[in-house]
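These numbers come from the heavy atoms of this one structure, side chains and all, not from hydrogens, waters or symmetry mates.
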Amino acid sequence: MMKRTHFSDLPEDLVMEILSRLPVKSLLQLKCVSKNWYVLIENPVFIQKHLHHINNPTSYFVHHYFLDTMKSGFTLFNEQNQLVAKSHLYQDVLNTSTHLWEVLGPLNGLFLLYNDQEEVALWNPATKEFKPLPISQPLNCPSFSLSSYKFGFGIEPSSGDYKVVWMRDYWDVYSEDWHLPTIISVYTLSTNSWKNFEEFSVSSRDMVKSSGNTYLNGFYYWRARQNDKIFAFDMSNDTIVEIQTPKSFTSKQWDLSLFNDFIAMYIYEPISVGRETCIDIWIMEKEGYWAKKARIGPFLNIKRSLGYGNNGEVFLEVVTWQLDIFDPCLKKNRVLGHQRNGYSLQAFAYKESLVSLKKNPFVI
């Protein structure tokens, strides 16, 4: 008679392989089954394995503004079954205000949120962890008004610590001029604190917010408003460097995002109704050296490009409020969803993550 093998008798590496195939919701429930499973699921090695497992599907996270409620919300489109997609208001699932000005990420399944009350928070939609960051007010003079800002969200490579960069420029209503210097605040998750710096050579007014995620290998990137350069914030030493772009880009319209494992520029003529538009993708092979990687399109009746996925997917808003996604591998455009009562602000490729905001958050 064969001896029956219990799950608890299996080797740890096999248990890890089996559990890494499960969704986050199931894993959070299994943490209560035994102490051994709790320790395993909390292990940074397991968290990393689960995040990148082939069974952890890519979803599409779309940030909306709803015209009927005049509030912002989100929709998660599942690749396996788009029909079950449901929209939510942020205020219904998070302790935040009715309108978000900024959504950055995802970074290992985490998002950075910034609302109309000038509050900053980190959020893991899969685990439902929500962490408001301590208030950072480096200037309290009543005559100073926050008039320009840019955010960055990344990881310090050597420690794996998550960082938030917040650049702010203030307008002095008394002198009717900009206050100098620019204030740069850097938040570190492990210490739950901000450090403030002064910067005279760079201003947040010179930068353009990226449509998609622009963190790569320890740097967060923004393009310059004049298209003549990009700015990179080094998460290791909290400094900003400038990288020149080719002169031919200056007269074009373009967005900065990722394409596979490169920082990339998506260049196009101004998008207009009734005219076909192509998008050229250029990648920075090394600092300051650019190469044209692909041309996608032509697209018809595109209102604007919204963002880009980790593998070069391009999210496009059509004039009929339809949201399309272009897959460069299949060279095919398909409908992701409709938003009849509002419009889309951003779209991201997203994978569920077990990364915790409560304690050791680092994924090795």
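- Inter-residue side-chain proximity for W166 and V186 is flagged as unmet; no heavy-atom pair is nearer than 4.5 Å.
- For the 3.5 Å distance criterion, the side chains of H99 and Q117 fail to qualify, holding no donor opposite an acceptor.
- When every heavy atom of S59 is checked against every heavy atom of L76, the shortest pair comes out as CB-CD2, 4.1 Å.
- Across every non-hydrogen atom of L323 and L306, the tightest pair is CD1-CD1, 3.2 Å.
- Using modelled atom types, one side-chain atom of K351 and one backbone atom of N56 make a donor-acceptor pair closer than 3.5 Å.
- Taking the six-membered ring for Trp, Y90 and H64 have ring centres at least 6.0 Å apart.
- Among residues two or more places apart in sequence or in another chain, the ring-ring contact (aromatic ring centres under 6.0 Å, His included) test is passed with Y220 by W222.
- Cluster annotation: V355 and L22 are assigned to the same hydrophobic cluster (Ile/Leu/Val/Met/Phe/Trp/Tyr, side-chain heavy-atom contacts under 4.5 Å, transitive).
- None of F348, Y350, W123 except one satisfies the ring pair (Phe, Tyr, Trp, His ring centres under 6.0 Å) rule with F74; the exception is W123.
- If you check the side chains of E198 and T182, you find no donor sitting under 3.5 Å from an acceptor.
- Under the side-chain hydrogen bond (donor to acceptor under 3.5 Å, both in side chains) criterion, R168 pairs with S136, S185, not counting sequence neighbours.
- Aromatic pair F111/F61: ring centres closer than 6.0 Å.
- When all heavy atoms are compared, the tightest approach of W37 to S34 is N-OG, 3.1 Å.
- Partner of Y308 under the ring pair (Phe, Tyr, Trp, His ring centres under 6.0 Å) criterion, out of Y266, F315, Y60, F326: Y266 alone.
- A ring-centre distance under 6.0 Å is found for F151 and Y149.
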